[in-house]
Amino acid sequence: MSEELNDQMQVRREKLNSYREKGLDPFGSKFERTALAEELTAQYDEFTKEELEEKQIPATIAGRIMTKRGKGKAGFAHVQDLSGQIQLYVRKDAIGEEAYEIFKSADIGDIVGVTGEMFKTNVGELSVKANEFEILTKSLRPLPEKFHGLKDVEQRYRQRYLDLITNPESRDTFVMRSKIIQSMRRYLDNLGFLEVETPMMHSIPGGASARPFVTHHNALDMELYMRIAIELHLKRLIVGGMEKVYEIGRVFRNEGISTRHNPEFTMIELYEAYADYHDIMSLTEHLIAHIAKEVLGTAKVQYDDQEIDLEPEWTRLHMVDAVKEYTGVDFWKEMSDEEAKALAKDHGIEIQETMTFGHIVNEFFEQKVEEKLIQPTFVYGHPIEISPLAKKNPEDARFTDRFELFIVGREHANAFSELNDPIDQRERFEGQLKEREEGNDEAHLMDDDFLESLEYGMPPTGGLGIGVDRLVMLLTNSASIRDVLLFPQMRNK
RNA sequence: GAGCCAUUAGCUCAGCUGGUAGAGCAUCUGACUUUUAAUCAGAGGGUCGGAGGUUCGAGCCCUCCAUGGCUCACCA
C-alpha cells in the first residue's frame, strides 16, 4: 500500500485529478455500446472506404486502449474488448477541442467509450471515426509493453489479468477452457445425465488415494477434509436411484506441485447405472472426440510435436499385455509375491518391501510403459490391490474391471465397473487399512456410512473420472497445468 | 524434499576478463489531420531480488536467504 509511485503512476494520478477538476468522472458508470470489435469487422470490413463514407454507419464501442499514436490534430488508437481490437480515428475537428484534449491525455490501459461512424483508412483498416470520446475508467498503472506482452511467467500467474489483457494466446486458452466444459456438459445432458452437486467438505476423505487438506468446523467442533474425489457421494446417488449423474468440480489433494499437478484441480466424475466399464470406455472416447470436434473443429490434435488422433475407437490394452509388450515380462503366469519381486529386481523396477503381486505389476506399468502411450489408449485390468473400489474381474480375481486412459504419456481418466458388493467392499477397505498400518498413509479409509448405502443395494454401475485440466492442456497444446488454471497455486511472495 | 537455471527502469531485454548502469517500448516537453511496433527532436526514470563476504573497486566472484521455472521425487 505504501508502495512508492513511479513517474508514470504519478502522471496518471495527476491526469485523474485534472479530469475531476473538469467535472468528469474518471471512474464512470454504465455505458451502452452497440457492437463488439469483431462484430464490426465481420459486418463492415467488406465495404470500401467510399461505400462506408456514403453509408454513415453509426457505432458505439467500449474497451481498453491498447495502442495510441499521433497527437497534433488527429490520432489513432486501438481499443480492445472481449472480442478483439478495432482501430479508433480521432480528429480534433470532429470531436471538438475539449474532447480532443481528453483523447490526447488518455493513456494506454484506459477504458474508454466511443461513439462514431464506421470508416476506412487509406491503407484500408476498418476503424471507428469518433464523434464522442470519454474515459470510462482511468488506469493508474502502466500496462506491460505492447509488442512483447507480459512474458514473466511468475507475474503472468500472479497477475493473470495482465496476462489476459496483453497476451491474446492466453485469453484464447481460457476461452477454450470454458468452451470445453460447456461442450462436455451439453454432451452429457443430451445423454440424459443429471448434473449434481455434492459436498466438498468430507468427514472421511475417500474415493482416491491421496493426502487431504484438513480443516475444522467450529460449531460442530469436528475435523473436516476437503474432498480428494467425488466418487463416494455420487455412488450414494446411484443407490438413491438417480441412475445417471455427473459432477464437474474442484478436488483437493495435499501433494506436490508440478507441471501436471495443482493442489486444487477440476474433475468430472460420472456414474451410469446398469453400465459396465466397456460402456464407459465407449462413452469416454466419444465424449472427448466430440469435445475436440466441437471446440477445435477436428479430432486430430497437435500437442507439442505430436499429432494425436482422437477419432474413436481407441486402442484397448490389458495392463499385463502392456507390460509384456514393453518389457517382455509375463504376469499372466501364476506367481508368488516373491517371484514378482525378483522380476522387479531383474528389471530395475523400484519397489517397496510391503508390495505384493499387483503392486509390482502396476510399478512395471508406471515405470516402463505409461510414458510411451502417446496416442489415446485404454489400459484396463488393473490389479485388485490398487483398485479398492472396482469390481473384481470374473475370470481372474487378481485383476479388476477398471481402466485408465493415457494420452501423450499422461493419465487422463480413470474408470471402472463399480464394486457394488458391500461385503467385498468391506474386505477391500480392511485390506486398505492393513496397508495403512504398514505405512501407506494414502491407503483408503474405512467408510461405514458408504458401506451402509451399498448394503441397501447399488445397481451394477459404470463410473468415470476425467482430469479436466489435463484434457484442457491436451486440447489447447499447453505444456503446464498452470497455463490452463486462471490462478494457479503460488507460494506467498 | 533434491539438482540445475533465472531474478537489471513500469514492460521486453543487453551489460565483455571485476573498473562504478544501457537500448527499445512506455512516460514527460515540442512538431505532426490517414497512423499502425507511427515518425522526428529533446528530457526524466535504477536499493542491478534481499542480507552478508572477498576485493583498492562487485550487476558480474563466494555464502546464505527469498521467489519463480525446468527435471526428478511424491502424486496407486
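Only a predicted model underlies this, so the values are computations on that prediction, with no experimental measurement involved. Every chain is numbered from 1, with letters handed out A, B, ... down the list of sequences.
Comparing the C1' positions of B:rU55 and B:rC61 gives an interatomic distance of 10 Å, to the nearest angstrom. Straight-line distance between the C1' atoms of B:rA26 and B:rG45: roughly 11 Å, to the nearest whole Å. Remark: the separation of the P atoms in B:rG15 and B:rG22 is 15 Å, to the nearest Å. Taking atom C1' on both B:rG30 and B:rC60, the two are 40 Å apart, rounded to the nearest angstrom. Taking atom P in both B:rG18 and B:rG57, one finds a spacing of 16 Å when rounded to whole Å.
The base-pairing partner of B:rC40, taking Watson-Crick or G-U wobble contacts with both distances under 3.5 Å, is B:rG30. Checking B:rG49 for Watson-Crick or G-U wobble geometry (two distances, each under 3.5 Å) identifies B:rC65 as its partner. Nucleotide B:rG3 forms a pair with B:rC70, judged by Watson-Crick or G-U wobble geometry with both contacts under 3.5 Å.
A close approach under 4.0 Å does occur between a side-chain nitrogen or oxygen of A:Gln155 and OP1 or OP2 of B:rC11. For A:Arg69 and B:rA37, the shortest distance from a side-chain N or O to OP1 or OP2 is not below 4.0 Å. An OP1 or OP2 oxygen of B:rG68 is reached within less than 4.0 angstrom by a side-chain nitrogen or oxygen of A:Arg491. Contact annotation: A:Arg482 side-chain N/O to B:rC70 OP1/OP2 distance is under 4.0 Å. Look at A:Lys104 and you won't find any side-chain N or O under 4.0 angstrom from OP1 or OP2 of B:rC28.
Rounded to an integer number of Å, the gap from NE2 of A:His148 to P of B:rA23 is 17 Å. Distance CD1 (A:Ile165) to P (B:rC11): 14 Å, rounded to an integer number of Å. Here B:rA37 presents its P atom at 12 Å from CD of A:Gln85, a figure rounded to the nearest Å. Atom-to-atom, CE of A:Met490 to P of B:rU7 comes out at 17 Å; the value is rounded to the nearest Å. Atom CD in A:Gln367 sits about 8 Å away from atom P in B:rA73, given to the nearest Å. Atom CG in A:Leu150 sits roughly 17 Å away from atom P in B:rA26 (whole-Å rounding). In this structure, the CD atom of A:Glu14 is 14 Å from the P atom of B:rU27, given to the nearest Å.
Within 4.0 Å of A:Thr259, counting heavy atoms only, lie sugar-phosphate atoms of the nucleic acid but no base atom. At the heavy-atom level, A:His78 lies under 4.0 Å from base atoms of the strands shown. Within 4.0 Å of A:Arg91, counting heavy atoms only, lies at least one base atom of the nucleic acid. Nucleic acid contact for A:Asp152: sugar-phosphate only, since backbone atoms but no base atoms lie under 4.0 Å from a heavy atom of the residue. A:Arg211 comes within 4.0 angstrom of sugar-phosphate atoms only, judged by non-hydrogen atoms across all strands, and of no base.
Scanning atom types as modelled, one donor and one acceptor separated by under 3.5 angstrom connect the side chain of A:Thr121 and the base of B:rU35. Residue-to-nucleotide contacts include a donor-acceptor pair under 3.5 Å from the side chain of A:Gln8 to the base of B:rA26. A donor-acceptor contact under 3.5 angstrom links the side-chain atoms of A:Gln87 to the base of B:rU35. You'll find a donor-acceptor pair under 3.5 Å spanning the side chain of A:Asp7 and the base of B:rG44, going by distance alone.
Side-chain contact, A:Glu435 with A:Thr354: no donor N or O sits under 3.5 Å from an acceptor N or O. No hydrogens or angles considered: nothing links the side chains of A:Glu117 and A:Gln56 as a donor-acceptor pair under 3.5 Å.
The aromatic ring centres of A:His347 and A:Phe364 sit less than 6.0 Å apart.
In this structure a side-chain-to-backbone donor-acceptor pair under 3.5 Å is missing from A:Ser170 to A:Asn167.
Checked against B:rU34, B:rC70, B:rU36, the side chain of A:Ser480 finds its nearest nucleotide in B:rC70.
Residues A:Asp110 and A:Arg64 are not paired through a salt bridge, judged by the lack of any N-O separation under 4.0 Å between the basic side chain and the carboxylate.
The cationic group of A:Lys55 lies under 6.0 Å from the six-membered ring centre of A:Phe47 and within 45° of the ring axis, placing it in a cation-pi geometry.
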